[in-house]
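Structure first, commentary second.
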Amino acid sequence: MARPLHPSRPRRRAGPRPADERIEAIFRKGTSVDIDSYSAFFDNGHRKSTGLADYLRGRGVTEVFVAGLAADYCVYYSALDALAAGFGTTVVTDATRAISAEGWATAQADLRARGASLVESAALLAPANA
């Protein structure tokens with residue numbers, strides 16, 4: 001069963017975006033009825049890329065922050081693919097929700113073991129000098 005489309009928008013920094021900042025690109029996923037697509041980077045079979053990794057690299061992005069629904073599926077697989085693509089990867093834990101608490105606990109342990117950072121948004125939004 002394919003999941004609904006999730007827009008993915010790269011950010012270079014945490015925090016509110018300026019009112020004049022515009023969306024530059026939209027990456028579509030979950031467009032095939034034949035395969036799910038949890039990750040923002042690939043379908044579940046890694047047969048079709050969304051183009052997000054190349055887009056980010058082309059703009060000099062080296063670190064991504066992942067949040068959203070569902071923590072134990074889309075967020076988890078997007079973070080895994082971001083790590084595999086060589087991006088520094090941070091999951092914003094209080095900006096995501098899981099389907100299963102047990103699944104999310106397992107996913108968090110796996111992400112940490114693979115080198116992802118897991119932080120709450122307050123740590124990202126705090127002034128640098130605080």
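Treat the numbers as computed from the prediction; the structure is a model and nothing was measured. Values reported hereafter were calculated over all heavy atoms of this structure, with side chains retained and with hydrogens, waters and symmetry mates removed.
Here salt bridge (charged side-chain N to carboxylate O under 4.0 Å, His left out) pairs that include residues 106-122, with residues two or more places apart or in two chains, are Asp110-Arg114.
By the side-chain hydrogen bond (donor to acceptor under 3.5 Å, both in side chains) test, Ser100 is found to be paired with Glu102, residues two or more places apart in sequence or in another chain being considered. With sequence neighbours excluded, the residues satisfying side chain to side chain contact (heavy atoms under 4.5 Å, CB included) with Asp54 are Arg57.
Here the closest heavy-atom approach between residue Ala40 and residue Ser78 is recorded as N-OG, 2.8 Å. When all heavy atoms are compared, the tightest approach of Asp43 to Ser37 is CA-OG, 3.5 Å. The nearest pair of heavy atoms linking Asp81 to Ser39 is OD2-OG, 2.7 Å. When all heavy atoms of Val64 and Ala82 are compared, the pair lying nearest together is CG2-CB, 3.6 Å. Closest of all the heavy-atom pairs between Ala79 and Val91 is CB-CG2, 3.9 Å. The shortest heavy-atom contact between Trp104 and Thr93 is CZ2-CG2, 4.3 Å.
Atom OH of residue Tyr77 and atom CZ of residue Phe41 lie 15.5 Å apart, to the nearest 0.5 angstrom. Here the OG1 atom belonging to Thr62 is positioned 8.5 Å from the CZ atom belonging to Phe87, to the nearest 0.5 angstrom. Between Phe65 atom CZ and Ser121 atom OG the span is 12.0 Å, to the nearest 0.5 Å. In this structure, CG on Leu111 lies 11.0 Å from OG1 on Thr90, to the nearest 0.5 angstrom. Between atom OG1 of residue Thr96 and atom OH of residue Tyr73 there is a gap of 13.0 Å, rounded to the nearest 0.5 Å.
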* Any chance you could lay out the side chain to side chain contact (heavy atoms under 4.5 Å, CB included) test for Thr50 and Arg28, step after step, and finish with the verdict? => CA-CA 6 Å; Thr50 64; Arg28 301 196 186 281; over 6 Å; no
* Asked: Given Val92 and Leu124, is the side chain to side chain contact (heavy atoms under 4.5 Å, CB included) satisfied, shown in steps?
  -> CA-CA 9 Å; Val92 186; Leu124 299 172; 3.6 Å; yes
* Would Leu69 and Val75 count as a side chain to side chain contact (heavy atoms under 4.5 Å, CB included) if you check the C-alpha gap in whole Å, the side-chain angles of each, and the deciding distance to 0.1 Å? -> CA-CA 6 Å; Leu69 300 173; Val75 171; over 6 Å; no
* **Derivation of the side chain to side chain contact (heavy atoms under 4.5 Å, CB included) call for Thr89 and Val66** => CA-CA 7 Å; Thr89 303; Val66 187; 4.2 Å; yes
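Proximity of Lys29 to Lys48: side-chain heavy atoms (C-beta onward) are nowhere separated by under 4.5 Å.
A donor-acceptor pair under 3.5 Å is formed between the side chain of Asn44 and the backbone N or O of Tyr38. Between the side chain of Asp72 and the backbone N or O of Ala98, no donor-acceptor pair lies under 3.5 Å.
Using cut-offs of 30° and 60° on the angle between ring planes, the pair Phe42 and His46 is parallel.
For Tyr76 and Gln108, the side-chain atoms include no donor-acceptor pair closer than 3.5 Å.
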